[in-house]
Amino acid sequence: GEALERLGAEQPRFMAYLPAPESSARIHEAEVALFEQRESLRRSVPKAPRARAALRTGQVAAGAPWAMDDAAQACPLGAPLLHVRLFGGLEVRIGDRMVFPIELSRHKTRLLLALLVLSHGHESSRTRIAELLWPASSPKSAMKNFYSVWSQLRRALSVNGECPYLLRTREGCRLDDRLVVADIDQFEELCRSLQFRQGEDQDWERLYTQVCTDYGEDLLPCDRGNELVDAKRQHYHSLLVEALVSASRWLGRNGDPRGALWFAREGLRRDDQREDVYLA
């Protein structure tokens with residue numbers, strides 16, 4: 001399956017021979033099964049030479065990945081979870097290992113990952129993604145660039161030579177959402193809590209702290225000029241300001257003027273052009 005994908009990327013006339021969606025799904029299942037087998041083997045041999053040497057010298061580092069409880073670091077599919085942070089700038093971790101910026105050195109590679117994360121695990125058309133990443137290029141040139149960037153992203157997100165996170169079919173691609181933890185999901189949950197789960201038992205101080213620390217900056221603030229990312233940034237910005245105003249109003253009506261003022265001021269800091277913020 002991978003050989004056919006590489007051939008199709010290099011010579012478009014072979015695109016017709018790429019596996020059908022059902023076959024691509026079975027190929028991915030086989031890839032995940034192979035990954036699980038390798039992880040199972042690795043766990044069944046705990047006395048690796050490095051571990052033995054460290055135990056002899058008493059130099060077992062706290063938090064060393066190979067010394068961790070694998071069950072706590074892996075998802076049911078056997079692969080470590082992929083953590084992606086988009087607010088305040090792109091940050092990627094595989095399990096507890098940071099994916100350094102040099103591994104995602106191309107700007108388009110980082111944008112491709114961001115676009116896949118923003119799709120919430122839903123399949124996106126490769127043609128559409130290529131258009132979003134290279135709007136001024138011809139379709140043929142854009143697709144060629146897409147395959148190059150896709151290959152680099154696979155290498156950056158590989159674990160033991162395999163990349164279980166990226167899925168590609170004949171026409172589309174997506175992230176395996178069973179293996180991905182993204183801050184945009186937590187952000188949307190935070191906004192729902194501020195707007196719709198208002199009550200006396202709500203931990204307002206914790207929510208306020210989360211707003212100011214985890215989401216103190218906009219989504220990918222330095223990546224400007226991409227149609228979808230710009231639209232998502234504006235959407236999330238408006239969504240949070242509306243949630244802050246809603247929380248402020250509820251607290252004001254229910255005898256907590258100090259909390260109401262905190263949320264209103266934070267809304268004003270983020271957007272000083274909205275009348276509802278000034279009213280709050």
Tell me whether Leu166 shares a hydrophobic cluster with Leu111, the cluster being built from Ile, Leu, Val, Met, Phe, Trp, Tyr side chains joined at under 4.5 Å.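 Both belong to a single hydrophobic cluster.
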
Hey, quick one: are Leu104 and Leu115 part of the same hydrophobic cluster, counting side-chain heavy atoms closer than 4.5 Å, chains of contacts allowed?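 Same cluster.
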
Going by side chain to side chain contact (heavy atoms under 4.5 Å, CB included), name the residues that satisfy it together with Leu220, two or more places apart in sequence or in a different chain.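 Scan of Leu220 (side chain to side chain contact (heavy atoms under 4.5 Å, CB included), adjacent residues dropped) gives Leu86, Leu90, Ala114, Asp223, Val229, Arg233.
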
Residues which pass side chain to side chain contact (heavy atoms under 4.5 Å, CB included) with Ser141, listed by chain and number, not counting sequence neighbours: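 Ser141 satisfies side chain to side chain contact (heavy atoms under 4.5 Å, CB included) with Ser137, Ser138, Asn145 only.
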
To the closest 0.5 Å, what do you measure between [atom1] ([X]) and [atom2] ([Y])?
| X | Y | atom1 | atom2 | value |
| --- | --- | --- | --- | --- |
| Gln273 | Leu268 | CD | CG | 10.0 Å |
| Ser124 | Leu112 | OG | CG | 9.5 Å |
| Glu103 | Ser158 | CD | OG | 10.0 Å |
| Arg178 | Leu82 | CZ | CG | 14.0 Å |
| Glu188 | Leu239 | CD | CG | 7.5 Å |
| Glu266 | Leu261 | CD | CG | 12.0 Å |

Hydrophobic cluster (4.5 angstrom, side-chain heavy atoms) - remaining members for Met98: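 Members alongside Met98: Phe100, Ile102.
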
Without swapping roles, check the side chain of [X] against the backbone of [Y] for a donor-acceptor pair under 3.5 Å.
| X | Y | value |
| --- | --- | --- |
| Asn226 | Leu132 | yes |
| Arg85 | Asp214 | yes |
| Ser148 | Lys144 | no |
| Tyr165 | Leu157 | no |

Got a sec, which pairs hit salt bridge (charged side-chain N to carboxylate O under 4.0 Å, His left out) with one end in residues 107-125, sequence neighbours left out?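 Sorted result for residues 107-125: empty, none.
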
Can you list every salt bridge (charged side-chain N to carboxylate O under 4.0 Å, His left out) pair that touches residues 250-264, not counting sequence neighbours?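 Non-adjacent pairs meeting salt bridge (charged side-chain N to carboxylate O under 4.0 Å, His left out): zero.
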
Closest non-hydrogen atom pair, [X] against [Y]:
| X | Y | answer |
| --- | --- | --- |
| Arg274 | Asp271 | CD-OD2, 3.2 Å |
| Ala182 | Val117 | CB-CG1, 3.7 Å |
| Arg269 | Gly216 | NH2-O, 3.4 Å |
| Gly267 | Val277 | C-CG1, 3.6 Å |
| Pro221 | Gly89 | CD-N, 3.6 Å |
| Cys173 | Arg168 | CB-CG, 3.9 Å |

Less than 4.5 Å apart, side chain to side chain, heavy atoms only: is that true for [X] and [Y]?
| X | Y | value |
| --- | --- | --- |
| Pro80 | Val159 | yes |
| Val84 | Leu175 | no |
| Val149 | Trp134 | yes |
| Leu116 | Ile129 | yes |

Students often mix this up, so state it plainly: with edges at 30° and 60°, are the rings of Tyr236 and Phe87 parallel, tilted or perpendicular?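 It falls in the tilted class, 30° to 60°.
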
Please tabulate, for the side chains in residues 240-248, all donor-acceptor contacts under 3.5 angstrom to protein atoms that are two or more places apart in sequence or on a different chain.
unit_1 : atom_1 : unit_2 : atom_2 : d
Ser246 : OG     : Gln198 : NE2    : 2.9
Ser248 : OG     : Ala260 : O      : 2.8

Go through the structure and list residues passing side chain to side chain donor-acceptor pair (under 3.5 Å) with [X], not counting sequence neighbours.
| X | value |
| --- | --- |
| Asp218 | His237 |
| Asn254 | none |
| Asp185 | His120 |
| Arg93 | none |

Working for side chain to side chain contact (heavy atoms under 4.5 Å, CB included), residues Ser105 and Gln152: CA-CA 9 Å; Ser105 56; Gln152 186 185 35; 3.5 Å; yes

Side-chain donor/acceptor pairs under 3.5 Å, residues 189-196, sequence neighbours excluded:
unit_1 : atom_1 : unit_2 : atom_2 : d
Glu189 : OE1    : Arg192 : NE     : 3.4
Glu189 : OE1    : Arg192 : NH2    : 3.0
Glu189 : OE2    : Arg197 : NH1    : 2.1
Glu189 : OE2    : Arg197 : NH2    : 3.4
Ser193 : OG     : Glu189 : O      : 3.1

Which residue pairs satisfy the ring-ring contact (aromatic ring centres under 6.0 Å, His included) criterion with at least one member in residues 254-280, sequence neighbours excluded?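 ring-ring contact (aromatic ring centres under 6.0 Å, His included) check on residues 254-280 returns Trp204-Phe263, Tyr208-Trp262, Tyr208-Phe263.
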
Quiz question: by atom type and distance under 3.5 Å, do the side chains of Gln234 and Ser238 form a donor-acceptor pair?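 Side chains of Gln234 and Ser238: pair found under 3.5 Å.
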
So for atom CZ, which belongs to Arg106, do other residues, nucleotides or ligands contribute more than 12 heavy atoms lying within a distance under 6.0 Å?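 Yes, the 6.0 Å shell around CZ holds more than 12 heavy atoms from other groups.
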
Salt bridge or not for Arg128 and Glu227, using N-O below 4.0 Å?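 A salt bridge is present here (some side-chain N lies under 4.0 Å from a carboxylate O).
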
